Amino acid sequence: MATSDQRSALGRARAGANFALIKYWGKADALLNVPAVGSISITLDALYTDTQVELDSTLARDELWLDGKRRDEDVAKISACLDLLRARARVTTRARVTTANNFPTGAGLASSASGYAALVRAAEAALELDLTPRERSIVARQGSGSAARSIFGGFVEMHAGVAPDGSDSFAEPLLEANEWPLEVVIAVTAKGEKEVGSRSGMMRSATSSPYYAAWVAGQPADLAAARTAIRARDFAALAELAEHNCLKMHAAALSARPPLVYWNGATVECLHTVQRLRAQGCPVFFTIDAGPQVKAVCAPGARSQVAAALRAVPGVQELLTSALGPGAESK
Ligand code: DP6
């Protein structure tokens with residue numbers, strides 16, 4: 001374990017983005033970032049964040065470089081996460097964090113999930129810590145709730161937990177990526193950063209949507225049914241559940257005051273296209289997060305048919321495709 005502040009050390013990591021099939025939307029504790037509901041996600045291999053953490057005793061404060069640009073406005077959040085790990089290592093040295101996403105940042109494509117998961121693994125390496133996967137997930141959660149899931153690959157369940165200190169609020173793997181190799185087509189319908197991020201969006205839903213309490217109350221049943229569908233590799237059951245859960249999350253967002261309409265016209269067209277494909281026998285379902293992009297989850301073999309249909313939707317600017325991938329790894 002590192003004990004001195006007079007050191008410089010480097011850690012590097014890569015983490016895949018994930019998106020939820022059963023969504024996280026709402027917090028039980030904003031300070032510890034404990035979610036109000038559990039969630040189930042898939043981790044992707046083709047969309048990822050690469051992060052380097054360099055401890056540098058000449059720095060007076062942490063420094064963040066994101067996609068080549070210095071981001072002083074985001075340093076406080078990164079520092080809070082690094083502080084949790086520095087405290088464990090009994091080190092106060094500041095760090096230069098250099099991070100890059102290979103996909104559009106902040107447009108509802110889970111950049112905070114892969115970002116904090118990669119940060120935790122890179123900082124752990126730089127600080128010469130040896131955390132358990134559960135400990136990594138708990139630290140990543142405090143950076144961003146969805147990041148707790150990107151610590152693991154394949155199908156992942158996040159437990160909301162009940163402990164006041166957040167010690168039982170962590171993610172765990174359900175199935176490895178190769179145990180049910182689903183594929184994903186993402187229809188990008190708008191580029192650029194979203195107007196209302198997940199954090200303030202979920203707060204607004206919790207404090208002003210008349211549907212929020214029903215959203216939270218329904219989650220345990222959706223989680224149990226999704227767990228069963230995933231273990232049974234029951235695509236039809238998972239498809240119905242994931243779309244239902246996604247639309248419930250958006251109902252809580254749409255009914256907030258002021259309303260949160262994350263969709264554009266192309267988002268809705270993609271949603272109809274996916275439903276039409278499934279009605280014709282193509283094994284695909286959609287999910288949508290706090291942004292206008294549509295994520296189409298395909299059974300093995302359906303990807304090219306789904307991609308061709310989504311490419312033809314007016315307003316779709318770009319398609320990204322991915323298989324399921326591994327959890328965050330240090331490099
Ligand atoms: C709609 O993990 O970004 O993508 O914990 O405040 O950082 P914070 O929120 P974040 O929220 C993700 C919300 C979501 C659904 C999901 O990923 O489960």
Side-chain angles (χ1 to χ4, degrees), residues 15-44 47 49 74 76-78 80-81 101 103-120 137-152 155-161 166 169-171 174 184 186 193-207 209 212 215-216 219 222-223 226 241-243 245-254 256 260-263 267 286-295 297:
N18 78 73
F19 60 79
L21 308 181
I22 303 297
K23 305 288 186 194
Y24 152 43
W25 194 250
K27 295 180 198 280
D29 182 327
L31 214 61
L32 288 168
N33 207 34
V34 174
V37 292
S39 53
I40 291 179
S41 60
I42 48 180
T43 302
L44 308 183
L47 279 67
T49 302
D74 295 326
K77 275 189 77 186
I78 297 278
C81 188
N101 297 321
F103 59 93
T105 296
L109 287 178
S111 55
S112 68
S114 51
Y116 279 97
L119 178 71
V120 167
S137 183
I138 288 173
V139 176
R141 183 203 81 224
Q142 292 172 79
S144 183
S146 51
R149 301 184 310 233
S150 270
I151 295 295
F152 302 100
F155 291 78
V156 179
E157 178 164 6
M158 173 77 193
H159 305 286
S169 181
F170 52 79
L174 284 176
V184 170
I186 300 171
E193 303 214 3
K194 60 198 172 198
E195 278 168 33
V196 182
S198 308
R199 188 154 293 196
S200 46
M202 62 177 80
M203 291 297 185
R204 194 188 296 175
S205 296
T207 52
S209 167
Y212 179 75
W215 155 254
V216 173
Q219 196 75 342
D222 287 6
L223 287 166
L241 263 166
E243 290 186 354
N245 188 268
C246 162
L247 293 174
K248 279 197 294 189
M249 181 203 113
H250 283 276
L254 288 161
L260 291 158
V261 186
Y262 285 112
W263 306 351
T267 312
F286 66 78
T287 191
I288 308 164
D289 291 303
Q293 330 304 1
V294 175
K295 292 125 183 188
V297 181

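Quick caveat, the model's predicted, so the values are computed rather than measured. Order of appearance sets the numbers: ligands from 1, and atoms from 1 within every ligand.
Side-chain N or O atoms of T43 include none that pairs as donor or acceptor with a backbone N or O of S150 at under 3.5 Å. Judged purely by atom type and a 3.5 angstrom limit, R141 uses its side chain to pair as donor or acceptor with the backbone of N33. Although no hydrogens or angles enter the test, the distance criterion places a donor-acceptor pair under 3.5 Å between the side chain of D29 and the main chain of L31.
For ligand 1, none of its N or O atoms has an N or O atom of W25 under 3.5 Å away. Between S144 and ligand 1, a contact under 3.5 Å exists for at least one N or O pair. Checked by distance only, ligand 1 and K27 come closer than 3.5 Å through their nitrogen or oxygen atoms. In terms of polar-atom proximity, G145 is counted as a contact of ligand 1, with an N or O under 3.5 Å from an N or O of the ligand.
Here the shortest heavy-atom distance to atom 9 (O) of ligand 1, taken over M202, K23, Q142, belongs to M202. When the heavy-atom distances from atom 14 (C) of ligand 1 to Y24, F19, Y262, Y116 are ranked, the shortest goes to Y24.
Heavy-atom separations between R149 and ligand 1 include at least one value shorter than 4.0 Å.
The contact set between ligand 1 and S146, taken as ligand atoms under 4.0 Å from a residue heavy atom, comprises 2 (O), 3 (O), 10 (P), 17 (O). For ligand 1 and D289, the ligand atoms under 4.0 Å from any heavy atom of the residue are 1 (C), 4 (O), 14 (C), 15 (C). For ligand 1, the atoms closer than 4.0 angstrom to any heavy atom of S112 are 3 (O).
Rounded to the nearest 0.5 angstrom, T287 OG1 and N245 CG are separated by 7.5 Å. For the atom pair N18 CG and S114 OG, the distance stands at 8.0 Å (nearest 0.5 Å).
Scanning all heavy atoms of the two residues, the minimum distance from A148 to A171 falls at O-CB, 3.3 Å. Between R204 and L260, the closest heavy-atom pair is NH1-CD2, 3.5 Å.
Heavy atoms of N33 found under 4.0 angstrom from ligand 1 belong exclusively to the side chain.
For the pair I288 and M249, the minimum side-chain heavy-atom distance is 4.5 Å or more.
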